[in-house]
Each structure stands twice: as structure tokens, then as C-alpha cells.
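Down below is the structure, laid out as C-alpha cells.
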Amino acid sequence: MGIPGLLKALSDVQREVHVSELRGLRVGLDGYCFLHRGKYSRAYELVNGQTDGQAIFNPILQVLRALLAAGAEPVLVFDGGQLPAKRLVEGARKEARDRARWSANLQLQQLQSLQPNSSSSSPSAGHAANEDKREVIRRLSAGVDITPEIAVACMRKAEAMGVFCIVAPCEADAQLAALAHDNRIDVCATEDVDLLVYGCPRVIFGLDRNGYGREIRLAEISRSRGLSPYVPNPETLPDLCVFAGCDYLAPIPRVGLRTAAKFLHRAGGDLPRALALARRSGIQVPNDFLDRAREARLVFLCQTVFDIEEQRLRHLKMEPPAGAVLPTDWLGPALADDVAIGIACGEIHPMTHQPFAQQLKPALLALEAPTPPVAPTPSTPALTWQEPTASAPKQDPPQAPSTEHALASCTGPSGPDDGEGDEEDSESEEWCAEGSLLAASAASTSCEELLPPPAFAPSSSSSS
DNA sequence: CTCTAGTGATACGT
DNA sequence: TCTCGTCACTAGAG
């Protein structure tokens, strides 16, 4: 995620902050970062049987409460659709999650087959079972994925607290940067250094439930000595990051943050010259790297965001150059205004573009049947722009049905030998309740609610 | 020596 | 069909 090592390199310009210093300020939060903190709690719930499925929301709700108590005004932003640039790396991540889920579920099945009659448990056996449990939690939490359904459920909870929420058309990072650029938020809270690359002036990292975090101000990064003699600044940060390898571009082997900074320094900040210097030093820079780097740079500058004022999509900082020929939807999809508004409101799924209320099946989080792990491909490089050969043969899952059944038994609080007939029907009441909540809100919500409340509007126009 | 890239341990609500 | 881990440590290359 982000640029490896950049946050640590900027540690000398970080400052400890507390939410009490944010009174009266509007704080934009990257929703995914805080939902991610709840994944372990969610896995813990799963292995322990009884669960209301709500633990995943605790970290974000605690942070929201801390901000509200301090007199700050939180604004919650969620990720939306995928960018083509990230599809490749997302595919690898999904595969890793599926593998983790697969192994965790197998282990969970074994654990539960042993657990009911633990009468024959010596202390050592109990200890071993505990160790197994921890292992299952570890693997299961790695397999939990945060779906848009979960994000929207979180959104409804936050809105019930009076928090303004929005789903970005693409990445929350770019949307937060747009809000900051439009002076709708004063500071961002996230774990991702990318927000600095996108140009957010004040970013708080590691904000915890007690309200403590570490702030980096974009205007002060040129004071950092972490990459010396290279001196970073807000304008050249995108060049450094695409050279060092970011999410939008396959990295050059043996080139990380330090090496990229070194060559950029020697080239006076000019990326083509830096690449030439790198080649001269024996680094194998792909022939098309400069073109790919220019495309990746545009993602930081021109990604599609939702414009609250105009109630439609726009580009972040500038229109893409007229002559630029880019892959389809490279900067984000072109959506009709009503679809874009529906996504931003959390009423339309950002990927399928279908209304949430119709398709919101019981969100089973990590409980869906995992796809079996594919055999490791022999020796293909991990990230290439070549043809996707991954669709070759789907092997037979060794024991998929039995594993799926074990999952089903784990689903309900006490699943009374449920068959598999009811798919549309609700199995878990909490998600059913969530669904009705969504349906009700979808029926009554008008998208005009996206127009910012008075306190949220920028200090320019007050006409409504 | 510096730096990249890979590995292993690790995580916790009421 | 449906969203991002991270840190410390170290082998190994330059």
C-alpha cells in the first residue's frame, strides 16, 4: 500500500497531536483504514460463535466519538470503484485473501470437530486448542475482506451520529484531497502516505481511539532529512513515488525509495534524466517505463472525484492533457450524474452500479465459500502487463463441499441444522436488520442530502 | 558500507 | 460478482 518506507522517511517532520487541538476543524477520515482495524475483532467473533457482527465497526465509531467529543467535525470518506491501474495488484491481494480464508476454514472445521466434547482435555490439550484458535483467528482475519456492503452499513451508523459521509467514485484518497482542495475539510486522518502525494495539506496518521496521532504538514516535508541529500517537496512528490514504485505502476527491480531519491537528486528533479542516469548505472529500466510513469502520475493529479458543489464527477486537480492517450477508464469511469450521486450517497454499489437495497444479501463477511487456492504458477513474474494467463485451469477443490458446510454451521448464532435451501432468505438477523435499514433509508433519502449542511459548506456561497 | 526484497511474528470486544 | 497490513530483522546484491 502506498509508497513503502516514505512514512518512515518523513518521520522527522511528524508531530504528536491530540484531537483537542482540532476543535472547530473539519476532519476527513479514510473509512477503510479504520474498518481495517476491526478485521481482527471480526475474526475473533467468528471463531467464538456468538456474534452480532458489529465488532468491525468499533474502531471507527470510537474515533468518531473522540472527534465529536473534542468539538471537531468528522467527515467520513469511503473507497468506491477500482481503478484499472490497481486491478492487477488487487487481483493478487484477492487471491491471497482467498488462500488465507481457505486454510483458515479448513482449520476451523477441524477445531470445531474437536471442540464440542472437550471432556477429554488435559491442560496441555486445552493449551494446544487455544494455540490453534489463535492461529485460526490470525488466518481468518487475513481473509476478511471489507466489502462495499460493510462500508455502507458503517456509513449509516455514522450518519446516525450526525456525521457527513460520502463514497468516492474511485479512491478515498483522491476524494479526500478534493475535499481539502475545495476547503471542505481542514485535515485528513488515514494510514496512507498517498494523501500527501495527492496534495492534502495536513494529514494525521495513526489516530487512535484516545484521540492521539501524528501529523505531517505538506508544507513542511521539505524540512525532512530522511532522504538526504534529496529534498522532497509537494510538487515533486508524485515523481518520486512513481519512480520508487507505487500502486499504479510495477516497480523497477532493485529500485526503492532511496535509489529513486538518489537519482532524482542527481538529475535535478527531472524524471527522464533520472531514468537515464539509472540506466547508465546498470539498472534495468523497462523501455516503456517513462510512458507508464506519466500515466501513473496522472492518477495522482487527475483522478475522478465527486464534486459536491456541482453534484457530478470531475477531475481532481486538472483536466488530463488533451493529447494524452490513456487506457480505458484509466482515471476512473465516466458515470451519469444520477449514478455518480447514487454512489456518493451510498445507495448504488460503486462496482456493480446496482442499487444496494435490491442486492444487499446477508453480508456474510468471511463466511462465503472460498475459492480453492490455485497452484502457484511456475515461474511467472508477479506483476506484468502481459496477458492474464491466470484463467487457465480451475482445479477441483479437494473438499470444498465439506468446508462450505462447516462454514454454514459457523454462520448463524446456533444454526439448527439448516439445509442450504434458503439463499435469498435471511440467515443472520443482524444483517437482515441492516438491510431493512438500508431499504428504508433508500426509500426516504433524497440525494439532495448530499448538499452539504450549512456548517459543512465552504464560506463562499450560501444560497439555498 | 547502503539498500532492496523477502521472511516470520503479530494482532483482542464486552 | 462484491476493497489496501505492518514491523523488525536479515540475506544478499551492488
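Just so it is clear: chains get the letters A, B, ... in the order the sequence lines come, proteins before strands, and each one is counted from 1.
- Taking atom CD of Glu45(A) as the reference point, atom P of dT14(B) lies 10 Å away to the nearest angstrom.
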Inset, instruction - Summarise protein proximity over nucleotides 3-8 of chain B in one line of letters, 5' to 3': B for base, S for sugar-phosphate only, - for none, counting protein heavy atoms closer than 4.0 Å. - result: SSS---
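- Going from atom NE2 of His36(A) over to atom C1' of dT10(B) covers 12 Å, rounded to whole Å.
- The neighbour count for Arg87(A) CZ, taken as heavy atoms of other residues, nucleotides or ligands under 6.0 Å away, is above 12.
- Rounded to whole angstrom, the span from the CD atom of Gln82(A) across to the P atom of dC2(C) amounts to 7 Å.
- Using a 4.0 Å heavy-atom distance criterion, Lys262(A) is classed as making no nucleic acid contact.
- Partners of Lys86(A) by salt bridge (charged side-chain N to carboxylate O under 4.0 Å, His left out), not counting sequence neighbours, listed by chain and number: Glu171(A), Asp247(A).
- When rounded to the nearest whole Å, the span between CD of Gln54(A) and C1' of dG13(B) equals 13 Å.
- The salt bridge (charged side-chain N to carboxylate O under 4.0 Å, His left out) test applied to Lys94(A) returns Asp98(A), not counting sequence neighbours.
- The salt bridge (charged side-chain N to carboxylate O under 4.0 Å, His left out) pairs that include a residue from residues 254-278 of chain A number zero, where partners must be two or more places apart or lie in different chains.
- Using cut-offs of 30° and 60° for the angle between ring planes, the Tyr198(A) and Tyr248(A) rings count as perpendicular.
- Atoms NZ (Lys8(A)) and C1' (dA8(C)) sit 8 Å apart, rounded to a whole Å.
- Between His353(A) atom NE2 and dC2(C) atom P the separation is 13 Å, expressed in whole Å.
- Rounding to whole angstrom units, CD of residue Glu95(A) and P of dC2(C) are separated by 14 Å.
- At the heavy-atom level, Asn58(A) lies under 4.0 Å from the strands shown only through sugar-phosphate atoms.
- With dC2(C), dG13(B), dG5(C) as the choices, the nucleotide that has an atom nearest any side-chain atom of Ser41(A) turns out to be dG13(B).
- A search for side chain to side chain donor-acceptor pair (under 3.5 Å) contacts involving Arg209(A) returns nothing, not counting sequence neighbours.
- Base engagement by Asp30(A) is indicated by at least one non-hydrogen atom pair under 4.0 Å involving a base atom.
- If you check every strand for non-hydrogen atoms under 4.0 Å, Asp192(A) touches a base.
- Residue Arg42(A) has no polar side-chain atom (N or O) positioned under 4.0 Å from OP1 or OP2 of dG13(B).
- Partners of Gln14(A) under the side chain to side chain donor-acceptor pair (under 3.5 Å) rule, at least two apart in sequence or in another chain, are Arg214(A).
- Nearest-nucleotide mapping onto DNA chain C: of Pro148(A) and Leu7(A), the residue sitting toward the 5' end is Pro148(A).
- The CZ-P distance, from Arg138(A) to dA11(B), rounds to 11 Å in whole Å.
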